[in-house]
There are 2 protein chains.
Amino acid sequence: MATMADVARKAGVSRSTVSYTLSGIRPISDDVRERVRAAMRELDYSPNALARGLASKRSGIIAMLYPLLERGVNLSGLDHIGAAAAQAREAGYNMLLWTTAVEDIDGLEELTQQGLVEGVILMEVRQNDPRVRFLTDAGIPFSSIGRSGLEGDAPYVDTDFDGTARDALAHLESIGHRAVAFINHSRSTIEKGYGLALKMQLAMETAALALELDLVSVACDPQFRAGSDAFVTLSRERPEVTAIVSVNEKALVGVVDGITRSGLAVPDDISIVALLSSVETAETSVPSLTTVSPPPHEMGREAMRYLVECLESGTRAGHQRLVPGQLVVRESTGAARRHEHTATR
Amino acid sequence: MATMADVARKAGVSRSTVSYTLSGIRPISDDVRERVRAAMRELDYSPNALARGLASKRSGIIAMLYPLLERGVNLSGLDHIGAAAAQAREAGYNMLLWTTAVEDIDGLEELTQQGLVEGVILMEVRQNDPRVRFLTDAGIPFSSIGRSGLEGDAPYVDTDFDGTARDALAHLESIGHRAVAFINHSRSTIEKGYGLALKMQLAMETAALALELDLVSVACDPQFRAGSDAFVTLSRERPEVTAIVSVNEKALVGVVDGITRSGLAVPDDISIVALLSSVETAETSVPSLTTVSPPPHEMGREAMRYLVECLESGTRAGHQRLVPGQLVVRESTGAARRHEHTATR
DNA sequence: CTGTTAGCGCATTCAT
DNA sequence: ATGAATGCGCTAACAG
């Protein structure tokens, strides 16, 4: 590994000149610049990140906090990560992956005390997320995917829940559905501070009101069985329902089973729209699922972009954004069947 | 941020003594050790990773290479990562995540030239993987999950394909199956150097021979449609088949559909064993899938452990390991139906 | 057992 | 437009 001193010697200049040609923060004559560059090339020089970081107090490392031991991770998490990593790289940063639980503030403190990390990206943010509190107090720049409710003016990217609900219901309404069931997460999940469930609930109710649709909300455990049973009950008690909107990916598989068990078919009798689902899941389902989801790669990129901007310019303005969902119509939605109480049980 | 000098001053010792109490590589009197520790506590000192890395030439950072733009990533990838990250942390390392394509050797070179990374973990390893070649030439310690065929004595952890095939077939054999179909990846996948497909093929053939089972192999594109059609064809041409073993997760969903289309049921008419599938997928399938897979967290942990050992002791011996599959019987396998040509089409 | 000192490779201030 | 010199915070000889 060649060092800056090697380059300087070879180019016949001082070390600082080499440094400045690299950073460009002070004028360098064309002649010298060329000599330095040539020397770098010949020596296959590349700056040492540790030394640079130590001297400049800028490590160029961003930590991605992605708690992995939680509730079953889903595939869009990977998209977020991939997008954030790509964006980081383009901006000249490296991305550290930190996977301990949301509650592990000691670990987080240890990480940030090392002086290795310039900024942090938070994923799987919860209502009142302790990490947000810690990072704010510690004065460490961060940006989050999702909201905790206490970020203040810190940057974040979150789902536009209202838009997502509206798009889903508008799609159903446009093809004739009038009564829709909303399969949400379980109450215990909501209570654990998984804010998504609550926000989605409100958004659905608002959108249904605006579109004058009948909305039946069902809280459901994230299991096959729960979903299946939920539908059977639903179809008995609310036979007028012709469409289902779900944020509960796990339960949804069961719902489809419940529909089949009830002697009904998707989308002939019941249409389904999945919210915030990964493309993977939507496309490998049978039938494939119509979805409304904000593109995960956009969320990942934006969150990283905001953080980098904070790091480099100190600006925090306009760095809070709600990403609208994107409706992708697949096989699970179709025109509403005429409301004539088709066989159930 | 307190520095070592601060601690030294407060404890009334020299800087090096502080350093040595931390590393423990030279004897320190109990008295001094206590004073130093107290000073550290009071100042809330924690060593600067960059400075330490620069001075010691050991950054404490390991890069995890996990190409993300490839063929649809699966969920066990996340398990590998999570396990590796946990292991890294326990060993005192941080884990950098690098997500560019396998072919992006320039990017990899850039990363490793920075002097930021001490060692590398490779995932999604391909036959003749260019990354292995590069890292070997560059003399950068690495460990891989999967094999490229050119690691030499470099550490790796891979699936025990023979064991996996044997366990899957032995299970089927024990419940009366005599003719089994093997749904592999597509030929093009095999040709792209995705060695898993080839190794699994050989292992299945060997195991079938040993158990005196009839084996029909089918190469299949990773799509719903392909899987579905493949089964329909299969059941027409080989009606004696009562069980299916698959490594092709994507196609498998289709296979189940094909079975249904043929008027058959799982596991009453056809049993299914999924190989190398994630627990997630297995449990959310309908019916849930009997699987044989090596525990991904074990593979992740081991790969990381091997790398850390190389880094710290230079020992490479005995660091190549094949992890046996683990049979988990779920709903998709049952006793073979008596061979009596039940209705097809 | 402890202290002194010389770097690690680079950024940056102060000269010129 | 360029050079010289200092220091970032720590490790690891070397000296005692």
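Predicted model, so just to flag it, every value in this text is computed and none were measured. Lettering of chains follows the sequences in order, A, B, ..., and the numbering in each one begins at 1.
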TODO: Rounded off to whole Å, could you give me the CD-to-P distance for the Gln113(B) and dG9(C) pair?
DONE: 14 Å
- [ ] Give the nucleotide from the list dT2(C), dG9(D), dT11(D) with an atom nearest to the side chain of Ser19(B).
- [x] dT11(D)
- [ ] Take the protein atom CD of Gln114(A) and the nucleotide atom P of dC10(D), then report the distance between them rounded to whole Å.
- [x] 12 Å
TODO: Tell me what Ser29(B) touches on the nucleic acid: a base, only sugar-phosphate, or nothing, going by heavy atoms under 4.0 Å.
DONE: sugar-phosphate
Task: Asp6(A) side chain to Thr3(A) backbone, donor-acceptor under 3.5 Å - done: yes
Open item on the list: Strictly below 4.0 Å, N to O, side chains only: are Asp31(A) and Arg35(A) in salt-bridge contact?
Closed with: yes
Open item on the list: If you assign each of Gly12(B) and Lys57(B) to its closest nucleotide in DNA chain C, which residue comes earlier from the 5' end?
Closed with: Gly12(B)
Task: d(CZ, Arg15(B); C1', dC14(D)) in whole Å - done: 15 Å
Task: Salt-bridge contact Arg126(B)-Glu103(B) (side-chain N to carboxylate O under 4.0 Å) - done: yes
Task: Which nucleotide in dG9(C), dC10(D), dT12(C) has an atom nearest any side-chain atom of Tyr45(B) - done: dC10(D)
Task: salt_bridge(Arg131(A), Glu124(A)) N-O dist < 4.0 Å - done: no
- [ ] For Ile25(B) and dC14(D), give me the distance from atom CD1 to atom C1', rounded to whole Å.
- [x] 14 Å
Open item on the list: Counting only side-chain nitrogens and oxygens, does Ser14(B) get under 4.0 Å of the OP1 or OP2 atom of dG3(C)?
Closed with: yes
Open item on the list: Applying a 4.0 Å non-hydrogen cut-off, can you work out what Ile28(A) is touching in the nucleic acid: base, sugar-phosphate, or nothing?
Closed with: sugar-phosphate
Task: Nearest-angstrom distance from the residue atom CE of Met4(B) to C1' of dT4(C) - done: 15 Å
TODO: Using a strict cut-off of less than 4.0 Å between a Lys/Arg side-chain nitrogen and an Asp/Glu carboxylate oxygen, indicate whether Glu298(A) and Arg321(A) qualify as a salt bridge.
DONE: yes
Open item on the list: Counting only side-chain nitrogens and oxygens, does Arg52(A) get under 4.0 Å of the OP1 or OP2 atom of dA11(C)?
Closed with: yes
Open item on the list: What's Ser16(A) touching, base or sugar-phosphate or nothing? Going by heavy atoms closer than 4.0 Å.
Closed with: base
- [ ] Measure the distance from CG on Asn48(A) to P on dC8(D) and round it to the nearest whole Å.
- [x] 18 Å
Open item on the list: Taking atom types as they are modelled, would you say the side chain of Tyr20(A) forms a donor-acceptor pair with the base of dA1(D) within the 3.5 Å cutoff?
Closed with: no
Open item on the list: At 4.0 Å (heavy atoms only), tell me whether Ser56(B) reaches a base, stays on the sugar-phosphate, or touches nothing.
Closed with: sugar-phosphate
Task: Side chain of Pro27(A) - closest among dA1(D), dC10(D), dT12(C) - done: dA1(D)
Task: Whole-Å gap separating C1' (dC1(C)) and CG (Asp30(B)) - done: 12 Å
- [ ] For Thr315(A) and Ala317(A), indicate whether the former's side chain and the latter's backbone hold a donor-acceptor pair under 3.5 Å.
- [x] no
Open item on the list: Measure CG/Leu50(A) against P/dG7(C) and give the value in whole Å, please.
Closed with: 20 Å
Open item on the list: Nearest to the Arg26(B) side chain among dC14(D), dC8(D), dA12(D), which nucleotide is it?
Closed with: dC14(D)
TODO: Remember a base hit wins even if backbone is also touched, and classify Val18(A) as base, sugar-phosphate or nothing at under 4.0 Å, heavy atoms.
DONE: nothing
